[in-house]
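Structure first, then comments.
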Amino acid sequence: MVDGVGLVHQMPFTCDRDGFAATFEKIYFGTVQARIYLCADLLGIVCHTGMSCLVRRNILESAGGLGHFGRYLAEDFFIAKAVTDSGYRLTVSSQPAWQNSASQARLTRWAKLRVAMVPTTILLEPLSECLVVGAFASWAASVLFHWDSLVFYLVHILVWFLCDWILLSIVQNGSLPFSKIDFVVGWIFRECTGPYLFFHALWNPAIRWRTRVFKLAWGGVAQEVPLEKAKFVTA
């Protein structure tokens, strides 16, 4: 926290645990989440998750206090936006925020929040998926350069896979708690289910948070939905 910095935050990551679910989560947070988080920080895009942060009190007070952000489910995003609107910048700590296990429901919930807060996510996020962008790139290479689209697609997946392994190793800052075979299986499963989780979030915008259900309006404002009226809510 130096002059000009209004908020210091940590990139979410997971503790070392046994089991495929733990492997899947570590792969997600150390590849997909890390790639989005670090690139957004590099480009000056608000990417703050509030599980661990240090923020200047005067910025919160000038924005109306913590109570002002209580109408949002993603209050961490809007706190960070208030920081940047005040002329301060954000910075990421070199140490990630180690956390315990969760479930895929949280990944779906985060996707719903991103869509509500930043609608351009509807178009841009699917294009950040390895299999989706690879399909478009291989088609373009076939049309423009008459390259073999299948070979291009397979090379694209291999390069993406290797880059994710390198990124995860950097974030872990040590040996990974699972084998290379476990990484291959977990990585393939994550890449195949990623688009499904995103489109599931689009199809069902309601969010279950503990014992309560909310519906998000554009802009991220949350409106509670009575449980007896909430239908098809799974996350």
Side-chain angles (χ1 to χ4, degrees), residues 11-14 16 19-47 49 92 94 96 102-115 117-203 235:
M11 189 189 77
F13 197 44
T14 58
D16 295 345
F20 179 76
T23 299
F24 175 85
E25 272 201 320
K26 187 170 284 286
I27 290 172
Y28 173 83
F29 282 99
T31 59
V32 180
Q33 179 74 12
R35 185 168 57 247
I36 295 174
Y37 209 88
L38 297 177
C39 287
D41 177 70
L42 178 66
L43 298 174
I45 300 172
V46 173
C47 59
T49 58
V92 178
S94 60
S103 65
Q104 284 200 7
R106 178 173 63 171
L107 306 185
T108 305
R109 183 172 68 246
W110 284 5
K112 295 176 182 182
L113 291 170
R114 290 195 298 271
V115 168
M117 295 182 299
V118 188
T120 52
T121 300
I122 297 174
L123 176 63
L124 297 180
E125 185 159 331
L127 294 178
S128 69
E129 293 286 346
C130 172
L131 301 182
V132 176
V133 73
F136 282 109
S138 59
W139 171 77
S142 175
V143 172
L144 297 175
F145 307 111
H146 304 291
W147 293 349
D148 188 305
S149 58
L150 178 59
V151 173
F152 186 95
Y153 192 53
L154 294 177
V155 172
H156 160 82
I157 293 175
L158 176 61
V159 172
W160 196 291
F161 170 83
L162 294 175
C163 289
D164 273 352
W165 171 265
I166 294 171
L167 177 59
L168 177 58
S169 299
I170 293 172
V171 175
Q172 177 75 11
N173 196 27
S175 59
L176 295 173
F178 45 78
S179 67
K180 293 181 175 63
I181 297 299
D182 291 334
F183 176 77
V184 171
V185 175
W187 186 87
I188 292 175
F189 183 75
R190 210 305 308 173
E191 294 302 326
C192 292
T193 57
Y196 164 76
L197 290 176
F198 179 77
F199 288 112
H200 174 67
L202 286 181
W203 181 261

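Just so it is clear, the structure is predicted and the values come from calculations on it, not from any experiment.
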With no hydrogens and no angle check, is any side-chain donor or acceptor of Ser169 less than 3.5 Å from a backbone partner on Trp165? yes

Would Phe198 and Ser128 count as a side chain to side chain contact (heavy atoms under 4.5 Å, CB included) if you check the C-alpha gap in whole Å, the side-chain angles of each, and the deciding distance to 0.1 Å? CA-CA 12 Å; Phe198 179 77; Ser128 69; over 6 Å; no

Parallel, tilted or perpendicular: which one describes the rings of Phe161 and Phe183, with boundaries at 30° and 60°? tilted

With a 3.5 Å distance limit and no angle check, can you tell me whether His156 reaches the backbone of Ala135 through a side-chain donor-acceptor pair? no

Do Phe24 and Thr14 have side chains that approach each other closer than 4.5 Å (heavy atoms only, starting at C-beta)? no

Does atom CD1 of Ile181 have more than 12 heavy-atom neighbours from other groups under 6.0 Å away? no

I'd like to check Ser142 versus Phe152 (side-chain heavy atoms, cut-off strictly below 4.5 Å). Are they in contact? no

Side chain to side chain contact (heavy atoms under 4.5 Å, CB included) evaluation trace for Ile36 with Val32: CA-CA 6 Å; Ile36 295 174; Val32 180; 4.2 Å; yes

Going by heavy atoms in the side chains, are Leu127 and Phe136 under 4.5 Å from each other? yes

Between CG of Asp182 and CZ of Phe20, what distance do you get to the nearest 0.5 Å? 8.5 Å

Taking Glu25 first and then Arg190, would you say they form a salt bridge - that is, a charged N and a carboxylate O separated by under 4.0 Å? no

Which heavy atom of His146 sits nearest to which heavy atom of Val143, and what is that distance? CE1-O, 4.0 Å

Show the nearest heavy-atom pair for residues Val171 and Gly30, with the distance to one decimal. CG2-O, 4.2 Å

For the student: nearest non-hydrogen atoms of Pro177 and Gln172, plus distance: CD-NE2, 4.0 Å

Between CZ on residue Arg35 and CG on residue Leu168, distance to nearest 0.5 Å: 11.5 Å

At what distance, to the nearest 0.5 angstrom, does CG of Asp164 lie from CD1 of Ile157? 12.0 Å

So, do Val159 and Cys163 sit near enough that their side-chain heavy atoms are less than 4.5 Å apart? yes

Counting only N and O atoms by type, is there a donor-acceptor contact under 3.5 Å from the side chain of Tyr153 to the main-chain atoms of Leu131? yes

Side-chain contact test, heavy atoms from C-beta onward, threshold under 4.5 Å: evaluate it for Gln33 versus Phe13 and give yes or no. no

Aromatic ring proximity, centroids under 6.0 angstrom, Tyr28 and Phe189: no

Report yes if some heavy atom in the side chain of Met11 is under 4.5 Å from a heavy atom in the side chain of Asp41; otherwise report no. no

Donor-acceptor contact below 3.5 Å, side chain Tyr37 vs main chain Thr49: yes

Grab the two heavy atoms, one from Pro12 and one from Phe29, that are nearest each other, plus how far apart they are. O-CD2, 3.7 Å

Start with the C-alpha gap between Phe178 and Lys26, add the side-chain angles, then the distance that decides, and say whether side chain to side chain contact (heavy atoms under 4.5 Å, CB included) holds. CA-CA 10 Å; Phe178 45 78; Lys26 187 170 284 286; 3.7 Å; yes

